[in-house]
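What follows is a single structure, written as structure tokens, with notes after it.
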Amino acid sequence: GVSHVLTLVLQELSLLCKRDVNGVGMLYELLRSRWLQALLKIYECLQQYLGKRPAPVTLQARALSREVVELLHEAPPSGEVKELRRLLRSPHFKAALLSAHDTVAQKDFEPTLPPLPDNIPENEEAMRIVCLVKNNQPLGATIKRHEITGDITVARVIHGGLADRSGLLYAGDKLVEVNGVPVEGLEPEQVINIL
């Protein structure tokens with residue numbers, strides 16, 4: 001791995017150090033430093049972990065759960081069968097756990113954006129599609145209507161807020177659409193409700 005390569009480099013550098021080549025001594029000391037050795041070991045451990053990442057057994061745990069519930073109807077009734085059926089039918093198990101499993105297993109956690117049109121004129125203004133996923137936290141930006149054009153624009157981005165941390169919104173950005181809803185002609189208060 002990386003540690004082996006570093007050992008070979010150090011061997012070569014030790015030969016050059018004996019010949020007193022410019023800067024080689026400093027490079028040799030840097031590569032021999034304990035902190036760099038520790039970082040390389042951490043890097044190798046992370047690479048091994050990434051290589052062994054467990055794959056999901058199934059991508060459709062919810063469907064499999066429904067099949068199991070159907071099979072349990074045919075099983076001889078017992079306390080364990082009733083308990084398992086009840087667990088598999090509970091909304092917390094189905095909606096939260098199995099749905100989350102399927103989302104992660106299918107790597108379906110990014111929002112899908114519509115494709116950009118092919119026929120954009122050259123004199124068209126540049127437009128960015130920004131996707132911010134917010135939970136119960138505020139966006140961290142204020143909006144206003146531009147006095148001259150009437151466009152809805154970002155008035156300011158609040159330091160440390162979601163918009164600031166994402167680095168995707170800037171003061172002066174024009175909002176064209178929010179959550180698929182065109183904002184032209186809307187009042188800032190209406191746009192805030194969509195946000």
Side-chain angles (χ1 to χ4, degrees), residues 1-3 5-6 9 26-27 30-31 33-56 59-62 92 95-195:
V2 178
S3 296
V5 171
L6 182 61
V9 169
M26 184 179 75
L27 180 60
L30 172 70
L31 293 176
S33 64
R34 287 182 184 255
W35 64 268
L36 182 60
Q37 300 284 334
L39 283 176
L40 289 173
K41 285 181 182 175
I42 291 170
Y43 173 79
E44 284 182 342
C45 288
L46 288 173
Q47 289 301 108
Q48 285 179 348
Y49 170 76
L50 290 174
K52 295 178 185 176
R53 221 174 6 202
L59 300 180
Q60 301 291 331
R62 289 183 80 183
H92 299 296
L97 183 65
L98 295 179
S99 179
H101 171 276
D102 291 350
T103 299
V104 172
Q106 296 169 19
K107 296 182 172 123
D108 187 24
F109 27 78
E110 293 293 327
T112 55
L113 299 174
L116 293 174
D118 295 329
N119 55 351
I120 298 175
E122 287 188 27
N123 61 352
E124 186 75 23
E125 290 181 356
M127 183 180 297
R128 287 178 312 187
I129 297 174
V130 174
C131 178
L132 292 176
V133 180
K134 65 180 204 129
N135 296 329
N136 292 327
Q137 57 186 325
L139 180 60
T142 60
I143 60 172
K144 68 177 182 178
R145 178 177 301 287
H146 192 275
E147 299 86 27
I148 299 169
T149 64
D151 295 332
I152 302 291
T153 61
V154 175
R156 74 183 177 113
V157 176
I158 298 165
H159 179 71
L162 176 63
D164 179 48
R165 290 192 314 268
S166 75
L168 297 173
L169 286 179
Y170 303 95
D173 282 353
K174 174 183 169 183
L175 299 181
V176 177
E177 192 176 276
V178 175
N179 294 334
V181 178
V183 298
E184 187 175 358
L186 295 179
E187 292 299 318
E189 294 77 22
Q190 294 172 299
V191 176
I192 288 172
N193 290 333
I194 300 170
L195 287 170

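Everything numeric here is computed off the predicted structure, so don't read it as measured data.
Of all non-hydrogen atoms in T153 and K174, the two that sit nearest each other are CG2-CA, 4.2 Å.
When each of L175, V176, D151 is paired with V183, the side-chain contact (heavy atoms from CB on, under 4.5 Å) condition holds for L175 and for no other.
Between E184 atom CD and I152 atom CD1 the span is 10.0 Å, to the nearest 0.5 Å.
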Using residues 139-148 as the side-chain source, report each donor-acceptor pair under 3.5 Å to any protein atom, sequence neighbours left out, with the distance given to one decimal.
| unit_1 | atom_1 | unit_2 | atom_2 | d |
| --- | --- | --- | --- | --- |
| T142 | OG1 | R156 | N | 3.2 |
| R145 | NH1 | G150 | O | 2.5 |
| R145 | NH2 | L186 | O | 2.4 |
| H146 | ND1 | I148 | N | 3.2 |
| H146 | ND1 | T149 | N | 3.2 |
| H146 | ND1 | T149 | OG1 | 3.3 |

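The side-chain contact (heavy atoms from CB on, under 4.5 Å) search around D173 returns R128, V154, L169, Y170, not counting sequence neighbours.
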